[in-house]
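All values derive from a computational prediction rather than experimental measurement. We name chains A, B, ... by the order of the sequence lines, and we start the count at 1 in each one.
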Amino acid sequence: MRINNKNSRVDLTKPLNFNFDGKSYIGYQGDTLASALLANGVKIMARSFKYGRPRGIVGAGAEEPNALVQIDVGAKTTPDLKATQVELYDGLVAQRTSGWPSLAFDLKSVGGRFSRFMPAGFYYKTFKWPANFWPLYESVIRRAAGYGKSPVVPDTETYDHQHHHADVLVVGGGANGLLAALLAGRSGVSVILLDEQSEMGGYLLSTPNATIGGKSAIEWRDGMLAELKSLPNVSLFTRTTAFGLHDMNMIQAVELLQDHLPHSARSQTQRRERMHRIRAAKVTLATGAFERPLVFGNNDVPGVMTASALATYFNRYGVACGKHALILTSNDSAYQAVADLAAGGVKVTLADVRNEINADWDARFKQLGIDIYAGFGISEVLGSTSVTGAQLVKLQANKHAASGAPLTIACDVIASSGGLSPTVHLFCHDGGRPTWSDESLAFVVSSNGRANAGIYCVGAVTGEFQLQKGLVKTVATMMELLLSLGKKVNDKGLHLETNEIATSPAHAIYRIPTTVKAFVDFQNDVAVTDIALAVRENFKSIEHIKRYTALGFGTDQGKLSNVNGFAIAAEFLGKTIPEVGTTTYRPAYTPVSFGALAGAHVADTFEPRRYSAMQVSHEKYQAEYETVGNWMRPWYFPKKNQDMHNEDIHAAVNRECLAARNGVAMLDASTLGKIDIQGKDVREFLNRVYANAWSQLAPGKCRYGLMLDEAGMVMDDGVTACITDTHFLMTTTTGGAAKVMNWLEKWHQTEWPELEVYMTSVTDHWTTAALVGPKSREVLAKLCSDIDLSKDAFKFMDWRDGTVAGVPARVCRISFSGELAYEINVDASYGNYVWQELLSAGAEFDITPYGTETMHVLRAEKGFIIVGQETDGSVTPLDLDMAWAVGMKKPYSFLGKRSLARSDTARSDRKQLVGLLTDDPTFVLKEGAQLINSTNITPPVHMLGHVTSSYYSAFLGRSIAMGFVIDGIKRRDNDNAIFAYANGKAVAVKIVSSVFVDAEGARHNV
Amino acid sequence: MFVISCPHCQEAREEEEFHYEGEAFIARPATPETLSDEAWGDYLFMKKNPKGWHWEMWNHATACRKVFVLKRNTANHTIAGSWTLDKARTVYDAEQAAA
Amino acid sequence: MSNLELNLSQFSPVMQSPLYHFGLAAKQEPMNEGKGVWANEIALLSYICLRGDSNNAAFTKAAKKVLGETLPTLPCSLIGTPWGNIYWFSPDEWLIVCPREKRAELQHALQSALVGVHSQVVDNSGGYTSVILRGKHADDVLQHCTVYDLHSLTENKVVGTTFGKSSMFLHRHNDGQNSAYVLIFRRSFADYIWRYLERAATPYGFGISTL
Amino acid sequence: MKKDYSIWTLLSQGLKNHVGWQPTWRSPALKSSYDVVIIGAGGHGLATAYYLAREHGVKNIAVLEKGFLGGGNTARNTTIVRSNYLWDEAALLYEHSLKLWEGLTEDINYNVMFSQRGVFNLGHTLQDMRDIERRVNANNLNGIDALALNAQEVKDRIPMINIGKDTRFPIMGASYQPRAGVARHDAVAWGFARAASQYGVDIIENCEVTGMDIANGQMQGLQTNKGFIKTSRVGCVTAGHSSVIAKMAGIKMPLESHPLQAFVSESLKPILDTVVMSNAVHGYVSQSDKGELVIGAGIDHYTSYTQRGSPHIIEHTAAAIIELFPMFSRVRMNRQWGGIVDTTPDACPIISKTKVKGLYFNCGWGTGGFKATPGSGNVFAHTIAHDAPHPLNAAFSLDRFHTGHLIDEHGAAGVAH
Ligand SMILES: Cc1cc2nc3c(=O)[nH]c(=O)nc-3n(C[C@H](O)[C@H](O)[C@H](O)COP(=O)(O)OP(=O)(O)OC[C@H]3O[C@@H](n4cnc5c(N)ncnc54)[C@H](O)[C@@H]3O)c2cc1C
Ligand SMILES: NC(=O)c1ccc[n+]([C@@H]2O[C@H](COP(=O)([O-])OP(=O)(O)OC[C@H]3O[C@@H](n4cnc5c(N)ncnc54)[C@H](O)[C@@H]3O)[C@@H](O)[C@H]2O)c1
Ligand SMILES: Cc1cc2nc3c(=O)[nH]c(=O)nc-3n(C[C@H](O)[C@H](O)[C@H](O)COP(=O)(O)O)c2cc1C
Ligand SMILES: [Zn+2]
């Protein structure tokens, strides 16, 4: 029921329409969905996970275990939000996330009647028979499980990250957080203060009648905020939750930027959420505490909540959750709520498990006409779908048993307080542990216990629940923090005395004895009896109890239930609570969207796409692309065929291949890694990092090199040019470039610093056009007059400097296709220009740009390997039949050499690379086909190796392939066929040399 | 999520700027050919992998591209210091001698 | 690479900068209050990588002779010279950024001065480009793109750090009161970096500023 | 063995308020000597003890656990079970395990909820597709169920997945193993503990091994925080901590212990009924029976024993999941955690004797050993019982790192879970 409470933060002049579970309601600006629903008298908001019991709102914030709702529809729909954290906006549409067919009647509740047969872990003991029925059982279980629905269409809103570096981060904007931030701010250091809620103030917003320094709670907060806002070195963030604290005070915090706005007010150019990554020299945790309910019979009936929630709805939202409230407490923290409600016209009955009531309070209560039951507890709540009353029992001295007949109290809302549980989560994320305090009856963190890590704690989180004492300690703690930053604290004009009534000690009690189900963790239906069962079954570690009962497993992560669970476990284990300890607190403090975690790293900007300078032209030629490393490389260039469709890859590749073999074609080879290496020891350096020898290579010449890892396995390859005796230009594979660069640097820096070499990556500087084919010389000649291109002046494996199309170029006569070919390297700024010029110059010869697929076919026809396709990290040069590329006589034991001599690596009968031919020349083997001895494919079948490369060679008019075969080199060209297995079929193949075209190299020697 | 001081850039930087390069001070044998398969295999693959203080190499990948040495506790992620390769060597040797 | 300018028939200039395909020149406008973030490419500069041992007098002397200034040895520092800015990349690596017209001369001067000295001079002009970033939200945008602590980025300082999932070298650019930055990064990542920058700047309004 | 879990016992106990349930496993006092001591009460250690007792009739066995049993990687893995590995040695070992999974619930009379919902290993590049083809064919010839699918076939089975060509790493296809799936990780530890306990195995929790007594190359016994234990045979199954134990025996291992992180979303209605893994984007996802999306990341590159990693790894994994399933962008991460995975140079485990007589190691499972739990325990039990490897683990000995006979599974492993 909505009451007119002058302190309420809700603006009754701004009504908002919203819809929950198909019904329309009205709430007000400042409401949460929870407060608005309560104001509208909605009691049932969910059905419980296991038993389908009706559930209502228990808390007022992040601790809410029951009221999980689905907000919005379509692309904006979001599952499992806590109604207590959803700010109301006009037009909000919410759905329940449990209860089928409806909240009023849930089918599970039928099964729920058999709850006695469904204790913790019952599913481990059953659903086992008959064995093959498990899939059926499972599908039933699955359909029963789960809360909200995942969206089914892509998210249309966006997210990003923002990195901050601050001297002091204060987490939590309650009284203590505000004070801490102000003190830090006044000292001049950079400060960030953030709070998860829509406005700063924390619990002050729930206790408007408290006064600080003579000001009302809200006035005091406003004063603090005003000064904080006036400080340029302080940044304030609301709706911002610190959800993870990581090593060295890296805090992840997510800011909700738009979800609280009506759709009409949301902007496409703004983010939905922003993740702040805050690296803070010092962190001050002012995260407060959650009130812990007491555990009693049927404590899950809608209308049972925590006393602080009751107070919060009443004071902050102007909502009375009932006309007659029964409040059960074991401590004084609920008293203010009792007084506020009574003063506000609610009939209040107070039950306190303690036998004496603090005298001052007693007087207050008497004035307010409150019935008080001292030494009483609630044994059982009455009512099924909502509270109608409760049974009170007189507790015996030990409080574990009741004496005398219960008396029945009629009421329509019940609230309880078992004390406060500090919000220690963040403190523990990076390995910290809370300690039990018998005085606070809570797991607390010390204000400076982790000062060495830069972590300080203030307020309720430290177990100091008195407002005034807390604030005073906050000043002391901040003094220490600022001192460590070489600053002084300045508390000028801060008056911290409050109007609190001194409190009397709380009583250590967590559950009231009862004969009916009493729930500890509402969301997972964990009852006291489940914890008892777990212990009985020897799940005695609190981690086992958690895992067996699912205590604290839910979306609230046990904010309300954990400590009660630990305490009740201790009782059954006959241990003290500190002996039992806590489970591990992990991120996220409250759930955070995948979108916020991903930030900008989605879609176009998920990961870099690297392009060469010729991309502009490739676009024009409508290339299809292949991803190689981070690069986007043209895979092939489909042409429109007669009926104006694009050619398929086979037509395109055949055309491109024939152009290269018979006319002229051109490949963008810019993506190859290029490393410029200089110094007097370059040759020695190359001798060490390459398998082959470099001492003799003359300036003006190029050589192919094989690079091995220390295990002797082929790691990369490429052609390296000798520019001068002290200057070489190395090329690497496209995918291996970065790896090789680091590899070279690492060996140089760590093992051979004495070698005089420097290396610099020039991959991006040079673009490379590979001009390939019998006509390539003629094309190049049209654009290049200052290099003598004649056969003998410019030999195979030579390089020359000159100009191409007027652009300074380094031309290498090397060939990965076996054809006459020139690789033309120019400054990338001219890359696209030169590429264009070559295309025009070649037009008369029908010059054909080609992609990686054709490059693969051409090199396969020549038996050249591709590192990463022929090799997989388990292949040596000898396996590749490339002993010619290994200089065994080099003085220095080059990288990988020794490994080649290991007993297994040196075996002569390893898998070796060979050529493969099918009998049927039109049949193209599957790359990845396995090679076997016979057509018998009934497993297990002994495998000889596999097909690494396989293509249709338009030039040869037949299919060709390469692959590994055990002892393959010996078996070349002997007639007994082996078989290639793929797609359930085995076809005969002959083992042949892997050079299919021009073994003697006549084609490129022209 | 570490903050690592690069001894070359002489500034504390975020972990994302660096690459981990594994255990430090695994020296390459001077004469591999004279080693047994076992000794060579140990050099190739065996790691201290301690729970506690670990001497390890990092590479300041986005900046100076230098490999340097970090002493880090693998049991609690505290960092004792970072040194250039040659300085680290002396600190490390001294520590070994002491122990 | 979408939004391409496909008209390749007329090639002028024959050089294409790494961000050429975004057609920035056509989109640029004078900075105004309407947008919070302004950027543009400083296209087609020359980038010379110089490596050598700063403890080797022969090297530093030779370098100074050519450059007119001693190479910066203070970590992460940069200095201006008649040639252009010299950036400290590592104890044995510098990047010299100069106008294209000076490239050949500078490269040649360095090479001849360093004959016989253990060093490396490499032209990387095609491999890099620079972007200038301005506007009242320039800092915010950078905070979206890099993990580096901008407070530590004083004048005359250059740092190699992250940009999204790639990397860049970053320094402040003296531009009156507003903070302005220069980003130097590799050609092949330019498309990614520009898209990332555009995306990060959207909430503040993104404009292409006249240089 | 006493088979006392069934719907009937559940009903009868239900009527008696469940007061009659016995401890799932006994917690006896530690004896001063044992025939065999297993270090580490994770799934593998408990399985080892179970098979030692059941198949090799070893009587006097203890399993020592420094914390709570099943609290190591067994407690924190994303539970993917498959056997579609590339090389014969690995494939046959994992398939042996998969076969045991198929009968495990009955075998140990404990519902491990083994759910054969199939596993997709996505391919995003031409080379991925070659590797997939190669692996699938090898699997078939080894008698392991496996299919190679193209992008459309993947889409047909997983309607939510994004196979658009506009993505950074367009999905080109996948390998699919229908018999693969997931299981309830805790149940595996508890079920094996219960079964082993019923065979008389002593499981000692909160008992940390701190040292070893070895005399002339022979195991004599173990020092623990609960005192000395005499034994001549010790099986070490301590995953991330294996190097630490090895050091006690003066042995160096080819292991590095890295953080491996995972996270779960809030609980959702059924949305994904299979398991999807991608090496290229570094993420994998399935939905548990309770409804949360269970998501695994790539490993952190540094070594650590803290059971935590760096947040940017999780951030990247979230991005990877959105790349595959753009609709999950608004789904929220509920909890994140890490484990300590013992990685080897060839991404294959070590199940081996050592140069210390009576000391055996079972480790190096890295990011992918949960699936092997029954099989690993089974062959390791054999190795200990016979002081000689089972044929299925002969290839996984330590000396492969000296001979060079590595079993390079990186291709098949990558994100190996
Ligand atoms: C995040 C994550 C995701 C994974 N996902 C998968 C997956 O999807 N599929 C898959 O197959 N695998 C996966 N794995 C790997 C898998 O979890 C492990 O390989 C497997 O669980 C190892 O089991 P274990 O019993 O050998 O180790 P553990 O379960 O770690 O058991 C080792 C035990 O040894 C104990 N111990 C250590 N030192 C001592 C000592 N000194 N004294 C006594 N006891 C000691 C530890 O406390 C621990 O309980 C994943 C791992 C992680 C961390
Ligand atoms: N009776 C109660 O239920 C109750 C609860 C809390 C505090 N109090 C009292 O209020 C007074 C002030 O307490 P305080 O200032 O220490 O705490 P507080 O509870 O007043 O304020 C803590 C603030 O931190 C926020 N917060 C918590 N974790 C966060 C996170 N991870 N990210 C962002 N924000 C987060 C909370 O939303 C809250 O606004 C004390 O006297 C205390 O005893 C009472
Ligand atoms: C398959 C799987 C599913 C899990 N589901 C949940 C879950 O729904 N809720 C939860 O709080 N934790 C869940 N966890 C994580 C555990 O709570 C815990 O974080 C993990 O076992 C690591 O232990 P630790 O965090 O205590 O170190 C899950 C863990 C695994 C392995
Ligand atoms: Zn550095």
Side-chain angles (χ1 to χ4, degrees), chain A residues 158 160-165 190 267 269-271 274 277 279 599-601 604-613 615-620 630-632 670-671 676-680 727 756-767 805-807 826-834 836, chain C residues 1-2 4-6 8 11 13-18 20-21 43-44 47 49 51-52 92-93 100 104 116 118-129 140 142-152 164-166 186-193 195-196 198-200 202-205:
Chain A
T158 60
D160 64 22
H161 293 172
Q162 186 160 7
H163 302 88
H164 307 263
H165 295 76
S190 64
S267 156
T269 60
Q270 300 303 314
R271 309 303 180 202
R274 169 164 296 152
R277 276 162 133 226
R279 181 70 77 175
H601 301 130
D604 248 10
T605 44
F606 172 63
E607 269 190 19
R609 286 186 173 99
R610 299 176 69 182
Y611 294 101
S612 88
Q615 181 61 19
V616 178
S617 162
H618 302 334
E619 287 285 329
K620 183 169 163 227
N630 273 325
W631 290 90
M632 300 301 285
S670 309
T671 61
D676 183 288
I677 314 179
Q678 299 182 32
K680 75 171 173 34
H727 183 185
E756 283 195 1
V757 290
Y758 284 119
M759 53 220 109
T760 298
S761 165
V762 287
T763 303
D764 288 70
H765 171 71
W766 296 103
T767 55
V807 175
V826 298
D827 175 332
S829 317
Y830 297 98
N832 197 41
Y833 172 70
V834 170
Q836 292 294 323
Chain C
M1 269 198 175
S2 63
L4 259 178
E5 222 214 82
L6 281 182
L8 297 156
F11 256 95
V14 294
M15 284 199 275
Q16 286 178 359
S17 73
Y20 165 84
H21 59 286
L44 302 171
Y47 299 84
C49 297
R51 299 198 62 176
D92 58 13
E93 183 171 7
R100 279 264 167 180
H118 175 35
S119 65
Q120 182 182 35
V121 179
V122 178
D123 177 18
N124 236 330
S125 304
Y128 285 101
T129 194
D140 298 294
L142 273 181
Q143 286 185 318
H144 293 312
C145 302
T146 179
V147 297
Y148 188 73
D149 175 6
L150 298 176
H151 305 103
S152 320
K165 291 193 183 295
S166 67
R186 292 193 180 268
R187 163 181 285 271
S188 58
F189 289 93
D191 181 76
Y192 168 80
I193 286 182
R195 285 175 198 282
Y196 201 106
E198 243 178 345
R199 186 193 192 286
T202 311
Y204 313 98

Inset, instruction - Sort A:W631 into side chain, backbone, both or neither according to what part of it lies under 4.5 angstrom from a heavy atom of chain C. - result: side chain
Inset, instruction - Evaluate the side-chain proximity of A:H164 to C:Q143: yes if any heavy-atom separation is below 4.5 Å, no if none is. - result: yes
Inset, instruction - Would you mind checking which part of A:R277 comes under 4.5 Å of any heavy atom in chain C, side chain (CB onward), backbone (N, CA, C, O), both or neither? - result: side chain
Legend entry - Check: C:N124 side chain, A:S761 main-chain N or O, donor-acceptor pair, under 3.5 Å: yes
Inset, instruction - May I ask you to check whether C:Y148 and A:H163 place their ring centres under 6.0 Å from each other? - result: no
Legend entry - Region of C:H144 that comes under 4.5 Å of a non-hydrogen atom in chain A: both
Inset, instruction - Mind telling me whether A:H601 and C:Y196 have parallel, tilted or perpendicular rings, with 30° and 60° as the class edges? - result: tilted
Legend entry - Selection from C:G164, C:G116, C:S119 maximising heavy-atom pairs under 4.5 Å formed with chain A: C:S119
Legend entry - Spatial distance of atom CG (A:N630) from atom OH (C:Y192) [nearest 0.5 Å]: 9.5 Å
Legend entry - Residue selection (most heavy-atom pairs with chain C, distance under 4.5 Å) from A:R279, A:H161, A:E756: A:E756
Inset, instruction - Could you tell me which of C:C145, C:S166, C:G52, C:A190 has the largest number of non-hydrogen atom pairs under 4.5 Å with chain A? - result: C:G52
Inset, instruction - Kindly indicate whether the side chain of C:Y128, heavy atoms from C-beta on, has any atom under 4.5 Å from the side chain of A:D764. - result: no
Legend entry - Sub-4.5 Å side-chain heavy-atom contact between C:Q120 and A:T760: yes
Legend entry - Contact summary for A:Q678 and C:V121, nearest pair of heavy atoms: NE2-O, 3.3 Å
Legend entry - Any side-chain heavy-atom pair of A:H165 and C:S152 under 4.5 Å: no
Legend entry - Nearest non-hydrogen partners of C:A200 and A:R271, listed with the distance: CA-NH2, 3.8 Å
Legend entry - Which atom of A:V616 lies closest to which atom of C:H21, heavy atoms considered: CG2-CB, 4.5 Å
Legend entry - A:D676 with C:R51: basic N within carboxylate O range, under 4.0 Å: no
Inset, instruction - Identify the heavy atoms of C:D191 and A:Y611 that sit nearest to each other, and give their distance. - result: OD2-CE1, 3.4 Å
Inset, instruction - Report the option among C:I193, C:L150, C:T146, C:L142 that has the most heavy-atom pairs separated by less than 4.5 Å from atoms of chain A. - result: C:T146
Legend entry - NE2 on A:H765 to CZ on C:R186, rounded to 0.5 Å: 11.5 Å
Legend entry - Distance in Å, C:H118 NE2 paired with A:Y758 OH, rounded so as to fall on 0.5 Å steps: 4.0 Å
Inset, instruction - With a 4.5 angstrom heavy-atom cut-off, could you sort out which part of A:V757 is near chain C: side chain, backbone, both or neither? - result: backbone
Inset, instruction - Look up atom OG1 in A:T605 and atom CD in C:E198, then write down how far apart they are to the nearest 0.5 Å. - result: 11.0 Å
Legend entry - Flag for C:R199-A:T158: side-chain donor and acceptor within less than 3.5 Å: no
Legend entry - For the student: nearest non-hydrogen atoms of A:Q270 and C:P203, plus distance: NE2-O, 3.0 Å
Inset, instruction - Measure C:S125 against the heavy atoms of chain A and call it side chain, backbone, both or neither at under 4.5 Å. - result: both
Inset, instruction - Kindly give the heavy-atom pair with the smallest separation between A:S829 and C:G126, and that separation in Å. - result: OG-CA, 3.8 Å
